[in-house]
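Here's the structure we're looking at; comments come further down.
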2 protein chains.
Amino acid sequence: MPSSRPSLVQIAERVGVSPATVSRAFNRPELLSDATRERILATARQLGFRPSKVGSSLRSGSTRTLGLLLPTMSNPVFAACFEGAEERALKAGYSVMLATTGYDSRRERAAARSLLDHRVEGMILTVADPACSATLAELTASGLPFVLAYNESDRHPFVSVDNRAAAGDMVEHLVASGHRRLAMVSGPLDASDRASKRLDGVLERAARLGLPVPTHVSMPRHTAADRARLRSLLSSPRPPTALFCSNDLLAASVIAELATLGLRVPDDLSVCGFDGMAFGALMVPSLASVHQPSTEIGSQACHELLNALGGESSRSVRLPHRLCGGGTVARLPVD
Amino acid sequence: MPSSRPSLVQIAERVGVSPATVSRAFNRPELLSDATRERILATARQLGFRPSKVGSSLRSGSTRTLGLLLPTMSNPVFAACFEGAEERALKAGYSVMLATTGYDSRRERAAARSLLDHRVEGMILTVADPACSATLAELTASGLPFVLAYNESDRHPFVSVDNRAAAGDMVEHLVASGHRRLAMVSGPLDASDRASKRLDGVLERAARLGLPVPTHVSMPRHTAADRARLRSLLSSPRPPTALFCSNDLLAASVIAELATLGLRVPDDLSVCGFDGMAFGALMVPSLASVHQPSTEIGSQACHELLNALGGESSRSVRLPHRLCGGGTVARLPVD
DNA sequence: CGCCAGACTGCAAACGTTTTCATCGTTGCA
DNA sequence: TGCAACGATGAAAACGTTTGCAGTCTGGCG
């Protein structure tokens with residue numbers, strides 16, 4: 001049981017060949033005679049040798065590692081994105097280094113630097129707002145290829161859905177179900193350009209359809225104040241009949257919140273979300289939502305990044321969203 | 001805009017000092033005179049230089065990177081575990097390399113090897129069954145320090161909850177709510193020693209409390225056959241009044257399944273899960289479950305691993321579980 | 001004035017690979 | 001038989017750091 005991992009040279013000595021030959025046994029096996037190759041591979045296996053990526057990275061100047069910088073794994077949306085990206089990366093022989101930011105810009109910068117220090121060859125990341133992200137500025141300055149995921153931007157390559165249009169489609173759906181008085185519930189807007197875009201989409205479509213202007217409620221944390229704001233919204237003279245939450249996690253927690261207020265969804269109030277996370281379909285009643293293909297956002301972002309690394313230009317991509325009707329939206333009688 | 005990252009020597013030349021001095025500016029700043037240090041740091045900042053971890057890893061023989069090998073990020077349990085581990089690792093100045101296996105032992109082995117190749121200094125992993133895991137055998141042979149997460153084993157260090165006891169407690173709770181005819185629903189047992197242990201716990205406690213032997217239904221995939229098995233269980237002469245699912249994700253999908261059969265939870269049937277994932281509390285009605293502290297399992301596992309790296313011995317730890325009552329379990333009248 | 005300690009910095013080797021170039025036989029072909 | 005081409009292998013430099021050792025210079029103290 002070799003406590004300290006053997007190195008390529010030790011294998012070379014053991015077999016009686018040069019280090020170059022051992023290296024070739026792993027990287028260009030076809031260059032060696034069958035005999036030598038087998039002899040080397042056998043001893044390697046026997047001693048438990050595998051070539052060190054840190055050595056090879058240094059010499060070759062390529063780590064074959066990609067960085068992934070996402071807000072949190074607690075949101076299944078980003079978890080799926082990770083899995084999509086990981087799978088695509090693996091297929092191309094790349095490893096993935098994941099770091100989460102917890103929506104904290106200090107952590108975000110530190111993590112980005114750490115990834116840079118590890119000499120990842122490219123990065124996939126989601127920032128609060130690409131228009132004013134210090135991390136993004138630093139990244140751009142560094143010259144490292146990167147692709148945004150979920151963010152939309154006209155200055156950087158990204159992979160996302162069309163948040164405006166998607167939100168608009170949900171408004172359309174709500175209206176088709178008989179709703180006219182809507183409200184948008186979101187987290188803090190400066191933490192997510194997605195939420196802003198979705199709000200824009202809601203307001204725009206509502207205007208176009210001639211609805212009363214939807215109220216917007218921000219529920220940064222689940223504090224008493226937030227709950228109070230929600231309650232006061234619902235007890236206004238003409239309360240909304242449907243709550244559009246800017247993401248599914250928020251929608252679920254709003255529904256739970258409503259339950260504690262004695263309000264039944266969808267009987268007393270309709271609620272819908274955004275993301276189309278798998279879990280929403282399992283809720284009873286199932287959560288109405290706009291599905292965005294998170295796994296594919298991850299894999300596609302990775303794909304674009306790999307293209308960029310291959311010298312090709314990487315395009316921005318808006319993947320199709322899909323409306324998921326659900327039991328949380330009531331069909332209102334026309335009155 | 002420097003397209004190719006400058007190296008330590010280039011900074012050294014630019015500043016007019018030796019490479020050693022530049023290195024010290026970053027690692028042992030207190031050794032340098034204020035003037036030199038500032039001069040170096042300034043040029044470094046200006047040229048966007050940061051010392052390469054691949055260079056330093058090679059020379060120092062330490063990558064300061066930990067490997068994390070988990071089944072999937074789609075299960076919030078593992079996502080939380082990752083976050084716990086990442087945070088703890090970060091605090092100790094370590095980076096984390098995450099790989100998922102998708103419960104596939106081939107991918108598992110390949111991923112473990114990849115992490116080994118990257119020269120991670122230790123590993124945290126969850127395997128199907130530590131008693132017969134090829135990956136674990138290979139890992140042990142390699143001599144790399146590792147800590148199991150969620151698994152329990154008497155041959156390897158691990159961090160988990162006491163699955164047997166935890167499952168037993170849930171049985172206790174069900175009985176206290178008036179249930180006597182129970183059934184256990186799980187995924188394939190050979191994919192998760194946790195599920196086995198939980199089943200053991202259920203059977204044992206049921207026996208001790210003098211209940212009829214709980215039926216066990218395995219629902220590997222959500223195929224028609226699985227659904228049929230569930231239906232036939234429920235239409236047996238004396239059907240169970242409560243379904244204990246071996247994890248929360250499964251519980252949610254079972255509840256959804258029951259809904260399609262026209263069965264209401266908990267009115268027609270009680271259901272509970274295992275994991276205590278945050279989402280369960282948001283379900284309406286909220287999901288009864290046994291909470292295991294996933295984030296802490298991750299951070300604790302990381303902690304133990306760091307201990308091992310520091311030369312101290314790493315103990316196995318069973319963290320406390322906690323019963324989470326929920327609306328999915330009905331309180332039955334005593335008859 | 002001489003010596004020594006201490007502060008600061010440089011030299012050079014080493015870490016584990018990859019890769020270019022050269023070397024050495026062999027073989028095929030004219 | 002002679003020459004070219006080819007197949008197999010080796011020698012050595014390079015990648016970006018760190019670090020033990022040694023060197024220089026300064027100032028303080030006897």
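Since this is a predicted model, take the numbers as computed values, not measurements.
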- Query: Do the charged groups of A/E121 and A/R64 touch, with an N to O distance under 4.0 Å?
  - Reply: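 Salt bridge: no.
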- Task: Using a strict cut-off of less than 4.0 Å between a Lys/Arg side-chain nitrogen and an Asp/Glu carboxylate oxygen, indicate whether B/E138 and B/R109 qualify as a salt bridge.
- Result: yes
- Query: Is the distance between the ring centroids of B/F158 and B/F146 less than 6.0 Å?
  - Reply: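 They do not qualify: ring centres at least 6.0 Å apart.
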- How does protein contact run along nucleotides 11-18 of chain D, one letter per nucleotide 5' to 3', with B for base contact, S for sugar-phosphate only, - for none, heavy atoms under 4.0 Å? B-BBBBBB
- Query: For DNA chain D, which residues in residues 28-42 of chain B have a heavy atom at a distance below 4.0 Å?
  - Reply: none
- Task: Look up atom CD in B/Q300 and atom CZ in B/R88, then write down how far apart they are to the nearest 0.5 Å.
- Result: 9.0 Å
- Task: Enter the distance from A/R194:CZ to A/T126:OG1 here, rounded to the nearest 0.5 Å.
- Result: 6.0 Å
Without hydrogens or angle criteria, can the side chains of [X] and [Y] be said to hold a donor-acceptor pair below 3.5 Å?
X      : Y     : result
B/T63  : B/Y94 : no
B/N27  : B/S23 : yes
B/T100 : A/E86 : yes

- Separation of A/I11 atom CD1 from C/dT18 atom P, in whole Å? 13 Å
